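Read the structure below first, then the notes.
Source: prediction; values computed, not measured. Any value given below was found using the heavy atoms of this structure, including those in side chains, with hydrogens, waters and symmetry copies removed. Here is how names work: the chains are called A, B, and so on, in the same order as the sequence lines, proteins then strands, and each is numbered from 1.
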Number of protein chains: 2
Amino acid sequence: MDNDTRHVYFTFFNEIGIIAQLSRAAMEARLPKGLTLPHFSVINHLIRVRDGQTPLTLARAFQVPKTTMTHTLSGLLEHGLVEMRPNPKDGRSKTVWLTDAGRTFRAAAIQSSDPDIDALQAAFPKQKVEQMLPLLAEIRSFMDAYRDP
Amino acid sequence: MDNDTRHVYFTFFNEIGIIAQLSRAAMEARLPKGLTLPHFSVINHLIRVRDGQTPLTLARAFQVPKTTMTHTLSGLLEHGLVEMRPNPKDGRSKTVWLTDAGRTFRAAAIQSSDPDIDALQAAFPKQKVEQMLPLLAEIRSFMDAYRDP
DNA sequence: TGATTTTAGTTCGATTTCGCACTATTTAGT
DNA sequence: ACTAAATAGTGCGAAATCGAACTAAAATCA
């Protein structure tokens, strides 16, 4: 493989990694003490996608190991942002449900990020960012399918 | 702020975060035991940008805390991939220099990723990815400047 | 139907990440 | 020139992340 090709893809992932680092730091600076981006992301996911998901589907959605998700969920439990119930479809499994505190937390977190989103939008208008989304989603989906089982 | 706007930017960062997670896992699966993406990234940076940088500039480049970079560098030292020398311009500081082993490691790591890059390129041709780079670099640069000191 | 294989979530321990605090050095202000 | 403030890198401890191993339940196979 030629070095120019490698450079393009390595640069892409390098930028992605740094933006991920920066956005995580920015988001976490706005969250209440003890709550991190993974906490927010799970709550947001339960609202946007579907409440009552299993730990495994959540771990898969975020591409983290099961144990990482177990840890994240236990943090959410401690803060009373979710509750866990048995999974009626699978005796080994549980389902994760939002509490009112969870919904309130998410609304506050999003609102607290408004200044950051405002600043970002001033420099990168919504349409510009939005036009990247399909390709990013495709890349993410491709890599998700590509990874080892 | 309207929810549609929020959704665009939150979705963008969500995709970024997951792609970062996936690419990190893929890369680390190819690296020798004990070496992680941050190790590779520092070596790659020293080659692509400039050898002999200070821990602080490296931490800034990757948007990680100084202590994280200290830890990463100590791993590189242990593996003999870099060496540290005093910084002639600043008595508090050091400079990080590649060893031959470091250069060899980087070349091997890049080559070992070729199958992954091949697969990715088949689905997302180089030009398509390359056209995203300027905007990603701008977003990264903007967020870098925007963050608290 | 029973045996075998696979799997969901957790425990455990190791590693990585990160904030706080520190020392020695540098920079900025008077 | 001297003092005060800021800073580079590190030690320390806590939290987050992650792989290995495990148990109980589900899925698959004969």
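The stretch residues 44-58 of chain B touches DNA chain D through B:T54, B:P55, B:L56, each having a heavy atom within less than 4.0 Å of the strand. Contacts between residues 85-97 of chain A and DNA chain D, counted as heavy-atom distances below 4.0 Å, involve A:D90, A:G91, A:R92.
Between A:H79 and A:F105, the ring center distance fails the sub-6.0 Å criterion. In this structure, A:F40 has its ring center under 6.0 Å from that of B:F10.
Protein chain B touches strand DNA chain C; the 5'-most and 3'-most nucleotides with an atom under 4.0 angstrom of its non-hydrogen atoms are C:dT16 to C:dT26.
One atom, CZ of A:F40, and another, P of D:dA16, lie 17 Å apart when rounded to the nearest Å. Spacing between atom NE2 of A:H71 and atom P of D:dG19 amounts to 15 Å, rounded to whole angstrom units. Spacing between atom CG of B:L76 and atom P of D:dT10 amounts to 13 Å, rounded to whole angstrom units. D:dT17 atom C1' lies 15 Å from atom CG of B:L37, rounded to whole Å. Rounded to whole angstrom, the span from the CE atom of A:M69 across to the P atom of D:dA16 amounts to 13 Å.
Mapping A:T36 and A:K66 onto DNA chain D by nearest heavy atom places A:T36 closer to the 5' end of the strand. Projected onto DNA chain D by closest heavy-atom contact, A:P65 and B:T67 fall at different nucleotides, the more 5' of which corresponds to B:T67.
Put simply, the side chain of B:L81 does not reach to within 4.5 Å of the side chain of B:L98, judged on heavy atoms.
Nucleic acid contact for B:E28: none, since no nucleic acid atom lies under 4.0 Å from a heavy atom of the residue.
No side-chain donor from either of A:D116 and B:Y9 sits under 3.5 Å from a side-chain acceptor of the other.
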Does B:D2 form a side-chain hydrogen bond (donor to acceptor under 3.5 Å, both in side chains) with B:T5? I'd like the steps, not just the answer. CA-CA 6 Å; B:D2 68 287; B:T5 296; 2.7 Å; yes
Determine whether A:Q63 and A:R147 satisfy the following criterion, side-chain hydrogen bond (donor to acceptor under 3.5 Å, both in side chains), listing intermediate values before the conclusion. CA-CA 10 Å; A:Q63 297 297 336; A:R147 67 179 297 187; 2.2 Å; yes
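Once rounded to the nearest 0.5 Å, the distance linking CD1 of A:I16 with CD of B:Q21 reads 13.0 Å. Distance CG/A:L136 to CZ/A:R140: 9.5 Å, rounded to 0.5 Å. Of the inter-residue distances, the one linking A:L58 atom CG with A:L46 atom CG reads 5.5 Å to the nearest 0.5 angstrom.
Under the 3.5 Å distance criterion, the side-chain polar atoms of B:E83 are left unmatched by any main-chain donor or acceptor of B:G80.
A:W97 and A:M69 are assigned to two separate hydrophobic clusters, defined by single-linkage of ILVMFWY side chains at heavy-atom distances under 4.5 Å.
OP1 or OP2 of D:dT17 sits under 4.0 Å from a side-chain N or O of A:R24.
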